[in-house]
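The structure under discussion appears below in the form of structure tokens.
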Amino acid sequence: MKGMLSYNTIFHDIGYDRFYLYYWSSSEVNAYSNYNATGALVKKVTLINGRETGHIFLYQIGVNDFDNNCQFSVAHMLSERHDHNNIGHWLTEWFKTSISPPKIVVTDQSLALMMAVVKTFTQYLTLNKYISVCSDLIMEKDIEVPTCMLRNDFNYIMHLISSWLKLNTTTARIKNFYMRSIGLIIVSMDFEDMKNVLRHIFTVALHETDGQNYNNEPTECENSKKYLKQRIATHKTEFDETIHIIEDLNKFNEIDSQINNWPNTSIFEKIRYIYNNFIESANNI
């Protein structure tokens, strides 16, 4: 089929065991020049040797057209191989079609997908190195800027946060408050603002009492809680939509691995410093 006239310009690479298929049309390449993965769309199949395939994911490269407020696809892959080497090979093959490299790539939090994007579109060989460089940039160090910036989709980040054990063992009201508070960090465009929001989150989380003190004055915890609620109100519509999306995502089991352990880069050391200071402050009250 790959060699047939109707398909030889669309099917670019195919494997049988384990199965994969890379495909995109010339019109999609042209569309990209002018300007996500799911396993629920394709059924498992039984090969001639009797082996049933694993989960076959549909991977798709989409372009967000901000001018026309739409998104269109430019390349696809069906595969039961979900490691970063296979995904990277697919991206590299697509990249060979003389397209201009993307400046920003948005993914979910699939570790394999992020590793493949970094190796294909940036000058770095590992995801850890890329994260370390980005951390240094935020800390205003004089360092080379990545040729492509990797972003995680907001909804998938919030979905991962919603799975944290501590949040799932508390009431829905408290979980909702902390998720929306952490959402403020994700949507922030300024590191100083992020640190400020973190200080207020840690103040609420680490102090045992809120409300009024013995002098009938609001406690530090109460002030931080009010501040966060005021900030959350400015993103209410956006956060409400995300909560609904997370409920849908929770209906499906994630097969691929997620990032759980981050490298010890300077930005995370800064966050640990803020956290440790507020632990000490809370213990002294």
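We're numbering straight along the sequence, starting at 1.
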Using the rule given for side chain to side chain contact (heavy atoms under 4.5 Å, CB included), can you reason through Asp153 versus Asp108, listing the C-alpha separation, both sets of side-chain angles and the distance that settles it, and then say yes or no?
CA-CA 5 Å; Asp153 180 81; Asp108 61 19; 5.5 Å; no
Quick one: [atom1] on [X] to [atom2] on [Y], what's the gap to the nearest 0.5 Å?
| X | Y | atom1 | atom2 | value |
| --- | --- | --- | --- | --- |
| Arg151 | Met149 | CZ | CE | 10.0 Å |
| Asp136 | Asp142 | CG | CG | 10.5 Å |
| His84 | Thr120 | NE2 | OG1 | 9.5 Å |
| Ser110 | Ile87 | OG | CD1 | 5.5 Å |
| Ile161 | Tyr156 | CD1 | OH | 15.0 Å |
| Glu217 | Glu222 | CD | CD | 13.0 Å |

Heavy-atom closest pair, residues [X] and [Y]:
| X | Y | value |
| --- | --- | --- |
| Met194 | Ile185 | CE-CG2, 3.7 Å |
| Leu127 | Met114 | CD2-CB, 4.1 Å |
| Tyr124 | Lys129 | CD2-CG, 3.8 Å |
| Thr219 | Gln212 | CG2-C, 4.0 Å |
| Val105 | Cys148 | CG2-SG, 3.6 Å |
| Phe154 | Gly183 | CE1-O, 4.0 Å |

More than 12 heavy atoms of other residues, nucleotides or ligands under 6.0 Å from [atom1] of [X]: is that the case?
| X | atom1 | value |
| --- | --- | --- |
| Glu208 | CD | no |
| Leu125 | CG | no |
| Asn69 | CG | no |
| Glu140 | CD | no |

May I have the step-by-step check of side chain to side chain contact (heavy atoms under 4.5 Å, CB included) for Ile232 and Ser181, ending in yes or no?
CA-CA 7 Å; Ile232 289 169; Ser181 296; 3.6 Å; yes
Of Val197, Asn196, Leu198, Asp193, which is the lone residue that meets side-chain contact (heavy atoms from CB on, under 4.5 Å) with Ser188?
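Testing Ser188 for a side-chain contact (heavy atoms from CB on, under 4.5 Å) against Val197, Asn196, Leu198, Asp193 leaves exactly one candidate, Asp193.
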As a test of understanding, state which of Leu113, Leu111, Val118, Val117 forms a side-chain contact (heavy atoms from CB on, under 4.5 Å) with Met115.
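Checked Leu113, Leu111, Val118, Val117 against Met115; only one passes side-chain contact (heavy atoms from CB on, under 4.5 Å): Leu111.
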Can [Y] be reached from [X] by stepping across I, L, V, M, F, W or Y side chains whose heavy atoms are under 4.5 Å apart?
| X | Y | value |
| --- | --- | --- |
| Trp94 | Phe72 | yes |
| Val106 | Phe66 | no |
| Ile138 | Ile182 | yes |
| Trp164 | Leu228 | yes |

Within the 6.0 Å centroid threshold, strictly below: His82 and Phe57:
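That pair passes the under 6.0 Å test.
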Would the distance check show the side chain of His159 and the main-chain N or O of Asn155 forming a donor-acceptor pair, the cut-off being under 3.5 Å?
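Checking the backbone N and O of Asn155 against the side chain of His159, no donor-acceptor pair under 3.5 Å is found.
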Donor-acceptor contact below 3.5 Å, side chain Asp190 vs main chain Glu192:
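Yes: the side chain of Asp190 pairs with the backbone of Glu192.
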CA sep, side-chain torsions, deciding dist, call: Ile61, Trp90, side chain to side chain contact (heavy atoms under 4.5 Å, CB included)
CA-CA 11 Å; Ile61 301 174; Trp90 167 56; 3.5 Å; yes
Determine whether Glu80 and Arg51 satisfy the following criterion, salt bridge (charged side-chain N to carboxylate O under 4.0 Å, His left out), listing intermediate values before the conclusion.
CA-CA 13 Å; Glu80 63 168 322; Arg51 183 182 73 84; 2.8 Å; yes
Scan side-chain atoms only and decide if Thr147 and Gln123 contain a donor-acceptor pair under the 3.5 Å cut-off.
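Side chains of Thr147 and Gln123: pair found under 3.5 Å.
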Test Lys175 against Asn168 for side chain to side chain contact (heavy atoms under 4.5 Å, CB included), laying out the working first.
CA-CA 7 Å; Lys175 178 179 179 179; Asn168 283 320; 2.8 Å; yes
